[in-house]
Amino acid sequence: GDRVAVLMRTAGGAELVVFDAAGEAQLRAGDLGAAFGAAGGGAARTIDWSPQGDEVLVGLDPGGLLALPLEPGGAARVVAAVDGVGSAEW
């Protein structure tokens, strides 16, 4: 592909940054664990691209999966909010 997704640990939890081939950030999403509230994870652990390449799936510790669209203004959606479900794989 022509993009790379990077998970970074921050003081606020985890941040996902997607870069294009020129090294420009296409998407920056922070505080990923906040989408789960008390039921989900905090630290991002794994990532995987959707088969169409239009979303990134993020697995969080101790559990939870979050899908992030690459479209500008697209809303992240919780795929699973269960402890122990944190490996991102489509």
Any residue meeting salt bridge (charged side-chain N to carboxylate O under 4.0 Å, His left out) with R3, in chain and number order, not counting sequence neighbours: none
Side chain to side chain contact (heavy atoms under 4.5 Å, CB included) between M8 and V17, worked out: CA-CA 8 Å; M8 297 186 287; V17 183; 3.2 Å; yes
Non-hydrogen atoms of P69 and L27 that approach each other most closely: O-CD2, 4.0 Å
Beyond-backbone contact of V56 with D48, side-chain heavy atoms, under 4.5 angstrom: no
Qualifying residue for side-chain contact (heavy atoms from CB on, under 4.5 Å) with I47, from L16, V6, V18: L16
Minimum heavy-atom distance G59-L65, with the two atoms named: CA-CD2, 3.7 Å
Pairs involving residues 68-79, ordered by first then second residue, that meet side chain to side chain donor-acceptor pair (under 3.5 Å) (sequence neighbours left out): E55-R77
Residues that D54 engages under side chain to side chain donor-acceptor pair (under 3.5 Å), provided they are two or more places apart: S50
With A75 via side-chain contact (heavy atoms from CB on, under 4.5 Å) - residues at least two apart: none
Gap between atom CG of L57 and atom CG of L68 - 0.5 Å precision: 8.5 Å
Any T46 side-chain heavy atom under 4.5 Å of V58 side chain: no
Candidate pair D2 and D20, rule side chain to side chain contact (heavy atoms under 4.5 Å, CB included), full reasoning: CA-CA 6 Å; D2 58 351; D20 63 16; over 6 Å; no
Closest contact, heavy atoms only, A67 versus V79: CB-CG2, 3.8 Å
Minimal non-hydrogen separation, W49 against L70, with atom names: CZ3-CD1, 3.4 Å
